[in-house]
Amino acid sequence: MLKIGPYSFKSRLLLGTGKYPDFDVQKAAVEKSQTEILTFAVRRMNIFEASQPNFLENLEVEKYTLLPNTAGAKTAEEAVRIAKLARASGLCDMIKVEVIGCQKTLLPDPVETLKASEELLKEGFIVLPYTSDDVLLAKRLEELGCHAIMPGASPIGSGQGILNPLNLRFIIEQSAVPVIVDAGIGTPSDAAIAMELGADGVLLNTAVSGAGDPVKMAKAMKLAIEAGRLGFEAGRIPKKIYATASSPTEGLSVG
Amino acid sequence: MQLIINGETVSVPSSVGNVSQLLEHYGINQKVAIVELNQDILEKSRHGETALADGDKIEIVHFVGGG
């Protein structure tokens with residue numbers, strides 16, 4: 001079970017809802033992924049085109065725990081406002097703190113992320129900060145009381161996979177709260193490696209929504225995350241330089 | 001009455017007296033619509049009791065796909 005604050009989840013896949021080819025593909029991908037947590041963003045509504053369907057209306061939203069993000073925020077103050085707007089919907093009290101410090105790399109601003117997380121914890125939110133893979137920053141966020149730490153594997157939407165497995169491992173080993181690898185996952189094997197490293201979950205979006213067949217990729221990610229987790233729990237063999245025979249050397253009928 | 005909604009100046013009929021009526025006016029009362037009035041974020045339960053005045057600055061936001 002993945003436990004975040006007061007919530008428990010069977011699935012360790014957190015799925016983003018951005019950039020699917022259409023609502024039907026999105027719905028099918030979400031179902032296939034068997035995720036229980038959906039992320040999304042908060043934006044101005046076009047009130048003059050209010051008849052436009054919203055993606056939430058297409059999903060059976062009550063089946064999911066909603067994790068809004070503060071994407072678009074460049075400062076702690078903006079992130080706190082977006083979080084409060086999201087909570088005023090009455091649909092959620094979890095927040096993915098995302099304060100972007102650089103538009104080219106979309107890397108998070110560590111100082112503003114820390115400030116926003118502190119403020120949102122005071123306001124009673126269940127706080128999940130998206131952070132770089134800085135080990136000490138992860139520690140500081142945990143010490144503040146964050147309910148999960150979400151270090152990036154590589155830049156958002158880049159699909160570059162896990163660039164610094166060592167840092168992720170350090171973060172996972174030191175953390176008493178769940179560590180969810182968020183951003184940069186490209187393939188099922190990336191997700192499996194994150195889980196083999198001991199991550200408690202994986203948050204991804206583009207890897208599924210941008211895939212040739214998002215529905216199939218959603219299933220692949222679900223299976224990869226389950227496989228990676230089982231592998232972690234089972235405990236891998238140590239790496240050795242030389243071979244060790246799997247078959248017995250005794251009783252050979254030759255030589 | 002003139003209101004500034006999401007940065008645009010709009011006119012609404014005088015029958016629109018509170019936030020609930022405003023959402024109804026735009027046909028979004030059944031949708032997930034979050035309202036901020038003059039930088040005060042309103043819980044849904046306050047929509048009916050929150051009166052509007054000429055020149056109010058209103059933000060109406062909702063949820064969109066994102067990661």
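Below, all heavy atoms of this structure are taken into account, side chains as well, without hydrogens, waters or symmetry copies. Below, read A as the first sequence line, B as the second, and so on, with proteins coming before strands; counting in each chain starts at 1.
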Worksheet item: For atom CD of A:E57, is the number of surrounding heavy atoms from other residues, nucleotides or ligands below 6.0 Å larger than 12?
Response: yes
Practice prompt. Pick one of side chain, backbone, both or neither for A:A183, based on which atoms fall under 4.5 Å of a heavy atom in chain B.
Written response: neither
Discussion item. Parallel, tilted or perpendicular, judged at 30° and 60°: which one describes the rings of A:F40 and B:F63?
Written reply: tilted
Practice prompt. Decide side chain to side chain contact (heavy atoms under 4.5 Å, CB included) for A:M45 and B:I28; before the verdict, give the C-alpha distance in whole Å, the side-chain angles of both, and the deciding distance to 0.1 Å.
Written response: CA-CA 10 Å; A:M45 185 188 263; B:I28 52 177; 3.7 Å; yes
Worksheet item: Side chain, backbone, both or neither: which part of B:L23 has a heavy atom under 4.5 Å from chain A?
Response: neither
Fill in: Pairwise distance CD1(A:I47) to NE2(B:H25) - rounded to 0.5 angstrom
8.0 Å
Discussion item. Quick check for you: to the nearest 0.5 Å, what is the distance between B:H62 atom NE2 and A:S89 atom OG?
Written reply: 12.5 Å
Worksheet item: How far does CG of B:N6 sit from CZ of A:F48, to the nearest 0.5 angstrom?
Response: 8.5 Å
Discussion item. How about CD on B:E49, more than 12 heavy atoms from neighbouring residues, nucleotides or ligands closer than 6.0 Å, or not?
Written reply: yes
Practice prompt. Measure B:E8 against the heavy atoms of chain A and call it side chain, backbone, both or neither at under 4.5 Å.
Written response: side chain
Discussion item. Quick check on B:I34 against chain A: is it the side chain, the backbone, both or neither that has a heavy atom closer than 4.5 Å?
Written reply: side chain
Discussion item. Using heavy-atom distances under 4.5 Å, tell me whether A:Y20 contacts chain B through its side chain, its backbone, both, or neither.
Written reply: neither
Discussion item. Please determine whether the number of non-hydrogen atoms from other residues, nucleotides or ligands lying under 6.0 Å from atom NZ of B:K44 exceeds 12.
Written reply: no
Discussion item. Please classify the contact of A:K19 with chain B as side chain, backbone, both or neither, using a heavy-atom distance under 4.5 Å.
Written reply: neither
Discussion item. If you count heavy-atom pairs within less than 4.5 Å of chain A, which of B:G67, B:S45, B:G7 leads?
Written reply: B:G67
Fill in: Toward chain B, the part of A:L204 with a non-hydrogen atom under 4.5 Å
neither
Item to complete: Under 4.5 Å, counting heavy-atom pairs only, tell me which of A:V42, A:N205, A:L85 racks up the most with chain B.
Response: A:L85
Worksheet entry | Lys/Arg N to Asp/Glu carboxylate O, B:E36 vs A:R81, below 4.0 Å | yes
Practice prompt. Look at A:R87 together with B:E43 and state whether they make a salt bridge at an N to O cut-off of under 4.0 Å.
Written response: no
Practice prompt. First locate atom NZ of A:K84, then atom CG of B:D40, and finally report the distance between them rounded to the nearest 0.5 Å.
Written response: 10.0 Å
Item to complete: Tell me, for A:Q26 versus chain B, whether the close heavy atoms (under 4.5 Å) come from the side chain, the backbone, both or neither.
Response: neither
Worksheet entry | Whether over 12 other heavy atoms sit under 6.0 Å from A:E62 CD | yes
